[in-house]
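In what follows, a structure is listed as structure tokens, so that the remarks can point back to it.
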Amino acid sequence: MTPSKDPARPLPSSRRRFGPAALACRLPVLSDLRPTARAMVLPLALAAGVPAWDMARAQEAGGASLVPLTAAGDAPAVLRPVARPADLVARPASASATSLARTAAEGPAGSAVAVEAPDPESRSLARSVMGVLSTTTAPGRDGVVAAALAVESALNPAPEGVSPAEAVAAVTPLRPRARPEGLAATPAAWFSKPDAPCLPAAGFPDPDVRRNLASFQADAGLCLSRAGFTEHGRSWQLTVVRNLSARRGPVWAVLHDNENAAFDSALYAVRRYGGALVAVEAGESRTFQGQDPNRNFSLSASTAATCRDISAKPTPGFTKAITSFFSDRYPVLTLHNNDEGYSGAGGRGHISARRSSASMTGMMTPTPQGALSDEDNAILLADTRPFAQSAASRKATAAFHAQGVNVIYEHVRPERNDCSFSFFTRMNGLGDYYNIEAQFGAGEAQRRMVDVLMAYLGIAPLR
């Protein structure tokens, strides 16, 4: 639970507020920073109420010119910035983000703070300082938070269709996360890599391929290949299907080898919309040598500490092998199958749009359309904010409900990390995440949901 923000209650020692004196003792190190970093941070410190003699000393050491910021209106009591994952490149700034960056540079009305476009050092420093200043009780705190919000908005543009104010209000007060190590900067999509040789579908050592042999023979653009790697004594194999006639399309992951309808629906999506699919080979079993592939995503032991279903931590080899097929051009897309009903209500499955849990909220469509709207069929969304605060998720839910599709919303929180692909994707900023769930054997319903999702994302069919 999030600690109480009631100022009358003393905070734990780990959340003790920082006063001006405590902040001032940190200022001498600013002399080693770049000019852009000093220009961004020192005005914020001044507005926080750091004594003039400390600021003068810091100003002399850093050579920066300081101009007071005027106070602004009310702002959230706590601002906990979320750090970007290691080596991941931010998406290009939109026009609104550029405007916000200019606002942050100019400062509130009546000020003259000159800030250049933030370099990586400035970004990191700004986030750290905002984490301290947002909890100070010093005079001028409102002005500090207002300036911090402007900088944060510039560094993290609001999603399309969401106002900056709504995006800021939706920030979950989580502690900054450690930047994961070893993940490549914005992974190059499969179509940007050297082509793997195409293997003939006839005789391909995978029952999923043999079951769909007619589709491969009818579509000359489909290219089959294998990828393999070893980690923690397991020799993983991946079946990869690429649509060479429409290479720049979405990528689908099929992580459980016993979910045949999921593989068939992914192949349908690749043929109809282009792109590729990557499927884990596990001898037609859900697990591979005792490991569930969808509980095997981690880059460091610290981030995997809460994951009880990983036999050996961490798993950077597996994680990089799967994520290397995805880029920021499209969302991360997966397909799964499940048993009928919910085990807690007389069924056999572990997921249903009729049930909710600590992490998931099921939402049945108000406009059911036969088998499509069965409780075991749904599109799963994931976000780091509560559903009520996720404007993008609410918009998608309304669109899917209108088409007769159920929705399951997963609230991703680091303290509940289970090393699933949805948690890894959202915790590490890989993009939006959509999983299409369908009951075993419900291939037609799953393909219909593929079409609904593609239409919502604005991805037109090839044929």
Check: F423 ring centre within less than 6.0 Å of F297 ring centre: no

Validation row, ring centre Y273 to ring centre Y330 under 6.0 Å: no

Working to the nearest 0.5 Å, report the span between [atom1] of [X] and [atom2] of [Y].
{"X": "D376", "Y": "F440", "atom1": "CG", "atom2": "CZ", "answer": "10.5 Å"}
{"X": "M427", "Y": "C419", "atom1": "CE", "atom2": "SG", "answer": "8.0 Å"}
{"X": "N417", "Y": "R308", "atom1": "CG", "atom2": "CZ", "answer": "11.5 Å"}
{"X": "L453", "Y": "I379", "atom1": "CG", "atom2": "CD1", "answer": "5.0 Å"}
{"X": "L333", "Y": "L457", "atom1": "CG", "atom2": "CG", "answer": "7.0 Å"}
{"X": "R211", "Y": "D264", "atom1": "CZ", "atom2": "CG", "answer": "4.0 Å"}

Over 12 non-hydrogen atoms of neighbours within 6.0 angstrom of CD in Q289: yes

Report yes if some heavy atom in the side chain of [X] is under 4.5 Å from a heavy atom in the side chain of [Y]; otherwise report no.
{"X": "T230", "Y": "S235", "value": "yes"}
{"X": "F318", "Y": "Q291", "value": "no"}
{"X": "L222", "Y": "L267", "value": "yes"}
{"X": "Q237", "Y": "F288", "value": "no"}
{"X": "V407", "Y": "F400", "value": "yes"}
{"X": "L238", "Y": "I322", "value": "yes"}
{"X": "L380", "Y": "M360", "value": "yes"}
{"X": "W252", "Y": "T334", "value": "no"}

[X] side chain to [Y] backbone, donor-acceptor under 3.5 Å:
{"X": "S373", "Y": "G404", "result": "yes"}
{"X": "N406", "Y": "T365", "result": "yes"}
{"X": "N337", "Y": "A261", "result": "yes"}
{"X": "S359", "Y": "V412", "result": "no"}
{"X": "Q217", "Y": "N212", "result": "no"}
{"X": "N428", "Y": "F424", "result": "yes"}
{"X": "T306", "Y": "R416", "result": "no"}
{"X": "T361", "Y": "S356", "result": "no"}
{"X": "S265", "Y": "A262", "result": "no"}
{"X": "S420", "Y": "N294", "result": "no"}

Qualifying residue for side-chain hydrogen bond (donor to acceptor under 3.5 Å, both in side chains) with H256, from D292, T287, N338: D292

Derivation and outcome, side-chain contact (heavy atoms from CB on, under 4.5 Å), residues R226 and T239: CA-CA 5 Å; R226 268 283 171 91; T239 292; 3.3 Å; yes

Which pair of heavy atoms, one from [X] and one from [Y], lies closest together, and at what distance?
{"X": "Y433", "Y": "R426", "result": "CB-CD, 4.2 Å"}
{"X": "E281", "Y": "D206", "result": "OE2-OD2, 2.7 Å"}
{"X": "E437", "Y": "M449", "result": "O-CE, 3.1 Å"}
{"X": "A392", "Y": "Y456", "result": "O-OH, 4.0 Å"}
{"X": "E284", "Y": "N260", "result": "OE1-OD1, 3.6 Å"}
{"X": "C307", "Y": "K313", "result": "O-NZ, 2.7 Å"}

Steps toward side-chain hydrogen bond (donor to acceptor under 3.5 Å, both in side chains) verdict (R413, T384): CA-CA 6 Å; R413 287 169 283 182; T384 57; over 6 Å; no

Verdict with reasoning, R271 to S215, per side-chain contact (heavy atoms from CB on, under 4.5 Å): CA-CA 9 Å; R271 295 187 66 193; S215 295; 3.4 Å; yes

Pair F387-R394, side-chain contact (heavy atoms from CB on, under 4.5 Å): steps then yes or no: CA-CA 7 Å; F387 179 74; R394 296 198 309 273; 3.8 Å; yes

Note: R448-D451 ion pair, threshold 4.0 Å (strictly below): no

Working for side-chain contact (heavy atoms from CB on, under 4.5 Å), residues V332 and Y434: CA-CA 6 Å; V332 172; Y434 298 92; over 6 Å; no

Criterion side-chain hydrogen bond (donor to acceptor under 3.5 Å, both in side chains) on T315 and R234, from CA distance to verdict: CA-CA 11 Å; T315 54; R234 295 186 180 89; over 6 Å; no

